[in-house]
Participant: 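I have a structure here, written as structure tokens, and I will follow up with some questions on it.
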Amino acid sequence: MYGTSTSAAVTNANTSTAVLPFVVNEVSDDETYGYTAENPVRVGGGRTAGARNQLRYLNALKGPQGQPITYERQASCCAFRTRRAEVDNVGLLDVYKVSWAGKPTPVTLYINMYRGGKLMAPQGFTAAR
């Protein structure tokens, strides 16, 4: 697994700075939030901070009983138009598999680093921070 929310700060192997988690205070009422490409988590940051914002978001999540989570980036998908993208004004969503102790099958989360929005925990997670 590439990440975990077991510590307050997780070091990103690509930089010398710690990746501190976002503050996520509530769980979404929308059962599709984060679970579909049509309703991804919008962490924003674009070309400069988007990848870091994805880690900050994932590091803020906990399992349903507050368990630490693990996550692994699976792929990019679902092209869409945005002027914030690096190439041809086309952005991609990033897809992560997320699990925790006692979860037999990981869940899939879709994250958009090109558009920001209110950050909430998807249903089935707790807002950790």
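Because the structure is a prediction, the values reported are computed rather than measured.
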Participant: Taking side chain to side chain contact (heavy atoms under 4.5 Å, CB included) as the test, write out the residues that go with A49, two or more places apart.
Facilitator: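 In terms of side chain to side chain contact (heavy atoms under 4.5 Å, CB included), with neighbours along the sequence ignored, A49 is linked to R52, N53.
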
Participant: If you measure only the distance, is there a donor-acceptor pair under 3.5 Å linking the side chains of Y110 and D94?
Facilitator: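 No donor-acceptor contact under 3.5 Å links the two side chains.
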
Participant: Are any non-hydrogen side-chain atoms of V95 and R73 less than 4.5 angstrom apart?
Facilitator: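 Sidechains of R73 and V95: no contact.
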
Participant: Go through the steps to decide whether Y71 and L109 satisfy the test side chain to side chain contact (heavy atoms under 4.5 Å, CB included), and finish with yes or no.
Facilitator: CA-CA 10 Å; Y71 55 86; L109 293 182; over 6 Å; no

Participant: State whether the number of non-hydrogen atoms from other residues, nucleotides or ligands found under 6.0 Å of Q74 atom CD is greater than 12.
Facilitator: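 Check passes, neighbour count above 12.
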
Participant: Backbone N or O of P64 within a donor-acceptor pair of the T126 side chain at under 3.5 Å?
Facilitator: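 Checking the backbone N and O of P64 against the side chain of T126, no donor-acceptor pair under 3.5 Å is found.
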
Participant: Please tell me if the side chains of K118 and E26 come closer than 4.5 Å, counting only heavy atoms from C-beta onward.
Facilitator: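 They are in side-chain contact.
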
Participant: As a quick check of understanding, evaluate side chain to side chain contact (heavy atoms under 4.5 Å, CB included) for I111 and Y96, giving each step before the final call.
Facilitator: CA-CA 8 Å; I111 301 180; Y96 286 84; 3.8 Å; yes

Participant: Would you give the length of the straight line joining atom OG of S76 to atom CG of L93, rounded to the nearest 0.5 angstrom?
Facilitator: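 Taking OG in S76 and CG in L93, the distance rounds to 8.5 Å.
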
Participant: Would you sort out whether F80 and L92 count as a side chain to side chain contact (heavy atoms under 4.5 Å, CB included), showing the intermediate values?
Facilitator: CA-CA 6 Å; F80 61 93; L92 296 170; 5.6 Å; no

Participant: Going from CD on Q67 to CG on L61, what distance comes out if it is rounded to the nearest 0.5 angstrom?
Facilitator: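 Going from the CD atom of Q67 to the CG atom of L61 covers 12.0 Å.
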
Participant: List the residues meeting salt bridge (charged side-chain N to carboxylate O under 4.0 Å, His left out) with K103, not counting sequence neighbours, and say none if there are none.
Facilitator: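 Partners of K103 by the salt bridge (charged side-chain N to carboxylate O under 4.0 Å, His left out) criterion come out as none, since no residue qualifies.
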
Participant: Could you tell me the separation between the CH2 atom of W100 and the NZ atom of K62, rounded to the nearest 0.5 Å?
Facilitator: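 Reported value, rounded in 0.5 Å steps: 12.5 Å.
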
Participant: Could you pull out all donor-acceptor pairs under 3.5 Å where a side-chain atom in residues 34-45 meets a protein atom, sequence neighbours excluded?
Facilitator:
from : atom 1 : to   : atom 2 : distance (Å)
Y35  : OH     : Q123 : O      : 2.4
T36  : OG1    : N39  : N      : 3.1
N39  : ND2    : D30  : OD2    : 3.0
N39  : ND2    : T32  : OG1    : 3.0
R42  : NH1    : P40  : O      : 3.3

Participant: Looking at every heavy atom in both Y33 and S28, which two are closest together, and how far apart are they?
Facilitator: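 Looking at all heavy atoms of both residues, the shortest contact is CB-OG, 3.4 Å.
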
Participant: Keeping Y57 on the side-chain end and M120 on the backbone end, is there a donor-acceptor pair under 3.5 Å?
Facilitator: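 At least one qualifying donor-acceptor pair exists.
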
Participant: Minimum heavy-atom separation for V27 and P122, please, with both atom names.
Facilitator: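 For V27 and P122, the tightest heavy-atom pair comes out as CG1-O, 3.9 Å.
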
Participant: Any heavy-atom pair between the side chains of N59 and F22 that's under 4.5 Å?
Facilitator: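 Contact flag for F22/N59 side chains = no.
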
